Amino acid sequence: MAWIILFVAGLMEIGWAVGLKYTDGFTRLVPSVLTLGCMLASILLLGLALKTLPVGTGYAVWTGIGTVGTALLGIALFGEPATAVRLACIGLIVAGIFGLKLAT
């Protein structure tokens, strides 16, 4: 169950990271409220998952999910470059996430 909670926390991490782009410096109300809600949910869920998971593994997986998801959405939503090197690096992060999961 902790892994599912951690995964959802990672999704919330993606939500707030991408949401920051839409807040326009926290000058737009609805995107700002949604982004802050994702921030709060992400931290609360991470804390809940870390009751069971090792802190190093949990934190690394949480940030990895956020990093990969945010990078992919940056490519899809904002036209950020999708170079071979960038995609390979994203793949390495995914491999690290799975490695940490298997090691726990």
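Here the structure is a predicted model, which means the values were calculated and not measured.
- Across all their heavy atoms, Ala71 and Glu80 have their closest contact at O-OE1, 4.4 Å.
- Side-chain atoms of Leu45 and Leu6, non-hydrogen and from C-beta on, never get closer than 4.5 Å to each other.
- Using a 4.5 Å cut-off between side-chain heavy atoms of Ile, Leu, Val, Met, Phe, Trp and Tyr, with links allowed through other members, Val18 and Val33 fall into different hydrophobic clusters.
- Summarising the geometry, atom CG belonging to Leu34 is positioned 9.0 Å from atom CG belonging to Leu29; distances are rounded to the nearest 0.5 Å.
- For the pair Trp3/Leu53, a side-chain contact is recorded, criterion being any heavy-atom separation below 4.5 Å from C-beta on.
- Considering every non-hydrogen atom in both Ile14 and Gly69, the closest pair reads CD1-CA, 3.5 Å.
- Rounded to the nearest 0.5 Å, atoms CD1 (Ile5) and CG (Leu44) are 11.5 Å apart.
- What you find for Leu46 and Gly58 is that their closest heavy atoms are CD1-O, 4.1 Å.
- The heavy-atom pair separating Ile75 from Ala82 by the smallest distance is CG2-CB, 3.8 Å.
- The cluster map of Ile, Leu, Val, Met, Phe, Trp and Tyr, joined by side-chain heavy atoms under 4.5 Å apart, puts Met1 and Ile65 in different clusters.
- Clustering ILVMFWY residues whenever any of their side-chain heavy atoms sit less than 4.5 angstrom apart, transitively, puts Leu50 in the very cluster that holds Leu11.
- The closest donor-acceptor contact from the side chain of Ser42 to the backbone of Ala9 lies under 3.5 Å.
- With contacts defined as side-chain heavy-atom distances shorter than 4.5 Å, the pair Leu20/Phe26 qualifies.
- With hydrogens and angles ignored, the 3.5 Å screen pairs no side-chain donor or acceptor of Thr70 with any backbone N or O of Thr67.
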I would like to know whether Ile43 and Trp62 meet side chain to side chain contact (heavy atoms under 4.5 Å, CB included); could you show each step before the answer? CA-CA 10 Å; Ile43 293 295; Trp62 176 69; 3.9 Å; yes
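- Counting heavy-atom neighbours within 6.0 Å of Phe98 CZ, excluding the residue itself, gives a total of 12 or less.
- Under a hydrophobic clustering in which Ile, Leu, Val, Met, Phe, Trp and Tyr are joined whenever their side-chain heavy atoms come within less than 4.5 Å, directly or via other members, Tyr59 and Met12 fall into different clusters.
- Of all heavy-atom pairs between Tyr22 and Arg28, the closest is O-NH1, 2.8 Å.
- Cluster membership check: Ile97 does not share its hydrophobic cluster with Val8, using side-chain heavy-atom separations under 4.5 Å among Ile, Leu, Val, Met, Phe, Trp and Tyr.
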